[in-house]
Amino acid sequence: MSDHADETNAAEDPAAAAGPSHAEGKPMTDLERIRHSAAHILATAILRIWPEAQFAAGPPVENGFYYDVDLPHRISPADFERIEAEMKKETKANHPFQRVEVSRDEALALAENGALASLGERPGTPSKFKLDIVQHIPEGEKITLYKNGDFTDLCAGPHVGRTGNVGAFKLTHVSSTYYKNDEKNPQLQRIYGTAFKNRTQLDEYFAMLEEAKKRDHRKLGKELELFTFDEDVGPGLPLWLPRGTAIIEELEKLAKETEFAAGYERVRTPNLARENMYLTSGHIPLYADSMFPPMELDDIKEKRRNLTKEYEETIRQQSYVSVWEARQRGIREEDLGAYVDFAIAHEIKEGNPPFELAEVLKRQLAIHKELSELPEPERYYLKPMNCPHHHKLFGAVPRSYRDLPLRLAEYGFCHRYEQSGELQGLMRVRSMQMNDAHIYCSEAQFESEFNAVNQMYLNYFKLFGFSKYQMRFSTHDPAKLGEKFVDNPELWKKTEDMVRDVLIKSGIPYVEVPNEAAFYGPKIDVQVWSAIGKEFTIATNQVDFAVPAKFGLKYKTRDNTEETPLCIHRAPLGTHERFIGFLIEHYAGNFPLWLSPEQVRVLPIGDEEPLVEYAQAVVKELRAEGVRATLDAGTDPIKAKIADAEKMKVHTMLVVGNRDLEAGNLSVRVHGKGNLGARPRGEVVADLLVSIKERRA
RNA sequence: GCCAACGUAGCACAGUGGUAGUGCAGCUGAUUCGUAAUCAGCAGGUCAUGGGUUCGAAUCCCAUCGUUGGCUCCA
């Protein structure tokens with residue numbers, strides 16, 4: 001079943017091809033077999049409750065399985081208990097999974113009789129999706145059914161031996177999907193669940209999910225007062241609180257230092273630009289769906305509106321006059337419409353309209369002329385990317401090969417109109433600050449520039465301790481040239497070959513995915529995995545062979561000819577929004593000292609004057625060195641002050657009591673490590689400064 | 001954008017047709033303390049918004065906005 005479905009999908013749908021491994025002919029793992037079998041058991045259970053259910057595909061997926069079902073009843077989590085009880089009966093019964101090979105005709109006949117993904121024949125109601133799937137199985141390929149108890153499904157398998165081998169399962173959520181992911185197809189309910197060999201593993205999985213919830217950047221962001229969203233500001237538009245801003249500024253400092261050392265130059269550009277620039281860049285034809293609608297500067301808006309209204313009025317009058325005219329000529333009522341359309345066209349053509357109509361038409365013509373002569377309103381768009389602005393900067397000064405590679409860097413603010421359903425905390429937002437830079441270089445320089453960028457990623461990953469990452473090399477789909485990708489097949493091929501060569505030579509592990517390139521060229525997305533196994537595309541590195549030419553960018557070569565530069569778009573730290581979202585989950589909010597929003601909090605034991613003065617002096621000294629240090633001068637007992645600081649995950653707490661005051665010490669307590677004991681003030685301060693400077697983990 | 005669920009004080013939650021509650025945070029006062037929570041008092045809500053049903057709505061219905069989980073899309 002699902003496997004056939006996936007195979008038919010795979011040819012036209014890259015997402016399916018990139019999906020579960022079995023779709024690419026790799027054998028299923030044991031766990032995948034269990035989950036795939038659980039999908040059949042789910043279908044069995046649903047059919048016992050709703051015999052009219054029609055099933056489409058039910059593969060194992062990363063954390064479980066699903067089955068897509070068409071059913072008038074809307075399944076909700078409230079139904080899960082009932083369905084699970086039926087599933088339990090099926091696993092208790094411990095039916096064998098029987099594989100049956102059938103001919104194409106037999107499979108078609110069964111599907112026609114409604115006997116596929118079914119508990120038996122359902123005369124008059126064919127198994128419509130299974131029928132479609134059978135019809136798409138390539139000629140010559142074996143067609144198999146799998147049966148468990150009364151349930152028979154079209155399925156390539158494999159399965160576990162008996163239903164009882166699915167040791168533990170649980171339904172998790174319902175969502176919707178289109179059959180074969182195509183919105184022209186019927187919408188199906190997708191029932192998700194997970195399954196394991198035994199109860200212990202299932203419990204462990206849910207315990208892991210609970211842990212993951214505690215690390216969720218949305219939860220921690222709220223608790224640690226890093227950022228907030230506000231309905232009045234708008235969805236997907238994060239507001240950075242001071243603590244979150246501290247992290248942003250540390251990252252910018254890191255990027256600026258790194259890029260400066262690597263020969264980048266910093267630039268600044270505004271957040272919007274005129275329509276014309278985005279027509280040139282190709283954003284409006286190819287990327288407009290992801291852009292905020294334009295702002296129109298229109299000082300003759302009133303005039304335009306009035307003229308338009310008047311124009312519409314003449315159209316009404318015109319048909320009114322024509323109808324009157326037609327009646328005069330005795331045209332039958334039912335033919336009026338056709339006559340009027342014809343007559344107007346004819347009489348205008350003949351240059352001989354009746355007087356009243358002539359007047360109306362004359363006026364209409366005049367208004368039309370006036371309208372068309374009005375200047376178009378000026379349109380400004382919020383920038384979705386920094387590249388066009390940077391191209392303008394490249395073009396602002398005559399360039400020679402001596403200027404290349406020219407690396408223009410900017411932490412630019414970009415705005416993209418992401419679909420409302422896509423927004424997710426900081427991970428998908430509509431306003432983002434990008435660690436952007438554009439490297440303009442010659443073809444000969446491409447390889448070394450590209451490798452230098454890759455090296456920069458790897459250094460960052462080491463600094464943050466990202467151990468699991470992968471490069472995704474995204475290429476274009478020739479079928480979508482001119483629609484999703486700039487229409488220049490030769491350059492696509494040339495550039496993609498060039499990038500592939502460099503990737504292979506550099507030895508960095510990568511996977512290639514078709515149809516996911518940027519509209520202007522192939523790209524390499526860098527995927528990283530958080531400590532709890534969540535995967536994100538965090539950084540990107542794209543080659544642009546198209547847009548510099550559209551902007552007419554040129555440089556003088558050594559032999560005094562003109563060349564168009566290549567452009568590498570790169571953002572190793574991605575956007576602040578997603579990167580910090582990821583860091584929050586990666587560190588579970590326990591940031592290393594250098595990134596910590598509140599690096600040091602000094603906690604006097606009590607509020608006696610000399611103690612507080614000592615504490616204040618320590619804070620002042622640290623702040624003078626740029627350390628984010630604060631003082632808790634309240635009257636709470638020290639235990640309460642510590643609890644407060646620990647709750648906010650303050651990195652280092654410096655407890656000062658009379659003992660410390662007398663000895664000139666600071667008692668150091670580090671979040672997550674507890675009390676580390678008292679040491680001389682100077683030593684403690686020096687250590688803090690070194691740790692921050694070296695960005696120690 | 002589509003499907004579904006959800007929206008009660010700053011936060012976490014209780015309240016399913018009959019007077020809006022609890023804990024933490026906040027404020028005020030007392031407490032002067034050595035490594036994760038001292039005590040007491042006070043204040044805080046148009047129950048997301050707008051309509052409807054009802055004698056009566058946080059509770060039932062509709063719409064809108066937002067959030068969450070998926071689909072599609074992406075840094």
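Below, chains carry the letters A, B, ... as their sequence lines are ordered, and counting in each starts from 1.
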Review point. Hey, is the side chain of A:Arg416 pairing donor to acceptor with the base of B:rC73 inside 3.5 Å?
Key: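 A donor-acceptor contact between them is absent.
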
Please work out if [X] contacts a base, only the sugar-phosphate, or nothing of the nucleic acid, heavy-atom cut-off 4.0 Å.
X        : answer
A:Gln542 : sugar-phosphate
A:Met434 : nothing
A:Leu188 : nothing
A:Asp289 : nothing
A:Thr575 : base
A:Thr635 : base
A:Thr172 : nothing

Which nucleotide in [options] has an atom nearest any side-chain atom of [X]:
X        : options                : result
A:Asp525 : B:rU31, B:rA75, B:rC71 : B:rA75
A:Glu418 : B:rU35, B:rC73, B:rC33 : B:rC73
A:Tyr178 : B:rC2, B:rA37, B:rU67  : B:rC2
A:Lys222 : B:rA12, B:rG66, B:rC33 : B:rA12
A:Lys523 : B:rC71, B:rA37, B:rA75 : B:rA75
A:Ile642 : B:rC73, B:rA30, B:rA36 : B:rA36
A:Ile605 : B:rC33, B:rA75, B:rU35 : B:rC33

Rounding to an integer number of angstrom, what distance separates [N] and [M] when you compare their [atom1] atoms?
N      : M      : atom1 : value
B:rC11 : B:rG45 : P     : 14 Å
B:rA4  : B:rA75 : C1'   : 28 Å
B:rC24 : B:rG41 : P     : 12 Å
B:rC33 : B:rG21 : C1'   : 34 Å
B:rG18 : B:rA43 : P     : 27 Å
B:rG56 : B:rG15 : P     : 26 Å
B:rU28 : B:rG66 : P     : 38 Å
B:rG52 : B:rU59 : P     : 14 Å

Exercise for review: Quick one: look up who B:rG18 pairs with, Watson-Crick or G-U, both distances under 3.5 Å, and put none if it's unpaired.
Suggested key: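 Across any shown strand, B:rG18 pairs with B:rC55.
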
Review point. In the structure shown, which nucleotide is the Watson-Crick or G-U wobble counterpart of B:rC27, with both distances under 3.5 Å?
Key: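 B:rC27 is paired with B:rG41.
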
Between the protein and nucleotides 68-70 of chain B, list every N/O to N/O distance that falls short of 3.5 Å.
unit_1	atom_1	unit_2	atom_2	d
B:rU68	OP1	A:Arg218	NH1	3.1
B:rU68	O3'	A:Arg218	NH1	3.4
B:rG69	OP1	A:Arg218	NH1	3.3
B:rG69	OP1	A:Arg218	NH2	2.8
B:rG69	OP2	A:Arg218	NH1	3.2
B:rG70	O3'	A:Tyr192	OH	3.2
B:rG70	O2'	A:Ser175	OG	2.2
B:rG70	O2'	A:Tyr192	OH	3.4
B:rG70	N2	A:Ser176	OG	3.1

Using distance alone, with no hydrogens and no angle criterion, decide if [X] and [Y] have a side-chain donor and acceptor under 3.5 Å apart.
X        : Y        : answer
A:His671 : A:Asn590 : yes
A:Thr540 : A:Asp525 : yes
A:Gln599 : A:His651 : no

Review point. For the residue pair A:Tyr381 and A:His415, is the inter-centroid distance of their aromatic rings smaller than 6.0 Å?
Key: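 No - the distance between ring centres of A:Tyr381 and A:His415 does not fall below the 6.0 Å cut-off.
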
Test ring pair (Phe, Tyr, Trp, His ring centres under 6.0 Å) applied to [X] - qualifying residues, sequence neighbours left out:
X        : value
A:Phe464 : A:Phe466, A:Phe579, A:Trp594
A:Tyr205 : A:Phe196
A:Tyr587 : A:Phe591

Practice item. May I ask you to list the residues of residues 650-665 of chain A, by number, that have any heavy atom positioned under 4.0 Å from an atom of RNA chain B? Key: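 Listed by number, they are A:Val655, A:Gly657, A:Asn658, A:Arg659, A:Asp660.
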
Rounded to whole angstroms, how far apart are [atom1] on [X] and [atom2] on [N]?
X        : N      : atom1 : atom2 : value
A:Asp230 : B:rG7  : CG    : P     : 20 Å
A:Gln419 : B:rC3  : CD    : P     : 13 Å
A:Glu516 : B:rC73 : CD    : C1'   : 10 Å
A:Asp70  : B:rA4  : CG    : P     : 14 Å

Check your understanding: So, is A:Lys639 near the phosphate of B:rA37, with a side-chain N or O under 4.0 Å from OP1 or OP2?
Key ->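 Yes, such a contact exists.
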
Review point. Side-chain N or O of A:Arg669 less than 4.0 angstrom from OP1 or OP2 on B:rA36?
Key: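 Yes, because at least one side-chain N or O of A:Arg669 sits under 4.0 Å from OP1 or OP2 of B:rA36.
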
Tell me, please, which residues at least two apart from [X] pass salt bridge (Lys or Arg N to Asp or Glu O under 4.0 Å).
X        : result
A:Lys383 : A:Glu410
A:Glu210 : A:Lys213
A:Glu62  : none

**Study point:** Side-chain ion pair, A:Arg407 and A:Glu259, N-O less than 4.0 Å
**Key:**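 A:Glu259 and A:Arg407: not salt-bridged.
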
Check your understanding: Taking NZ, NE, NH1 and NH2 as the nitrogens, is one of them in A:Arg472 or A:Glu516 under 4.0 Å from a carboxylate oxygen of the other?
Key ->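 Salt bridge flag = yes for A:Glu516 with A:Arg472.
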
Point to revise | First encountered from the 5' end of RNA chain B, between A:Gln189 and A:Leu426 | key: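 The residue closer to the strand's 5' end, by nearest nucleotide, is A:Gln189.
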
Check your understanding: Which pairs with one or both residues in residues 599-616 of chain A pass salt bridge (charged side-chain N to carboxylate O under 4.0 Å, His left out), sequence neighbours excluded?
Key ->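 Listed once each, the pairs are A:Glu598-A:Arg601.
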
Review point. Within 45 degrees of the axis of the six-membered ring of A:Tyr67 and under 6.0 Å from its centre: does A:Arg190 put its NZ or CZ there?
Key: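 No, A:Arg190 and A:Tyr67 do not form such a contact.
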
Practice item. Pick out which of A:Lys219, A:Arg218, A:Lys214 makes a salt bridge (Lys or Arg N to Asp or Glu O under 4.0 Å) with A:Asp216. Key: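 So the option named by the test is A:Arg218.
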
I'd like a table of atom pairs between the protein and nucleotides 43-51 of chain B - only N or O on both sides, under 3.5 Å - with the distance next to each one.
none

Identify the pairs formed between an N or O of the protein and an N or O of nucleotides 23-29 of chain B at a distance under 3.5 Å, and give each distance.
none

Review point. For the ring pair (Phe, Tyr, Trp, His ring centres under 6.0 Å) test, which of A:Tyr520, A:Trp492, A:Phe519 pairs with A:Phe485?
Key: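 Output: one option passes, namely A:Trp492.
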
Show me the side-chain donor-acceptor pairs of residues 284-293 of chain A shorter than 3.5 Å, one per line, residues at least two apart or across chains.
unit_1	atom_1	unit_2	atom_2	d
A:Tyr287	OH	A:Arg416	NE	3.4

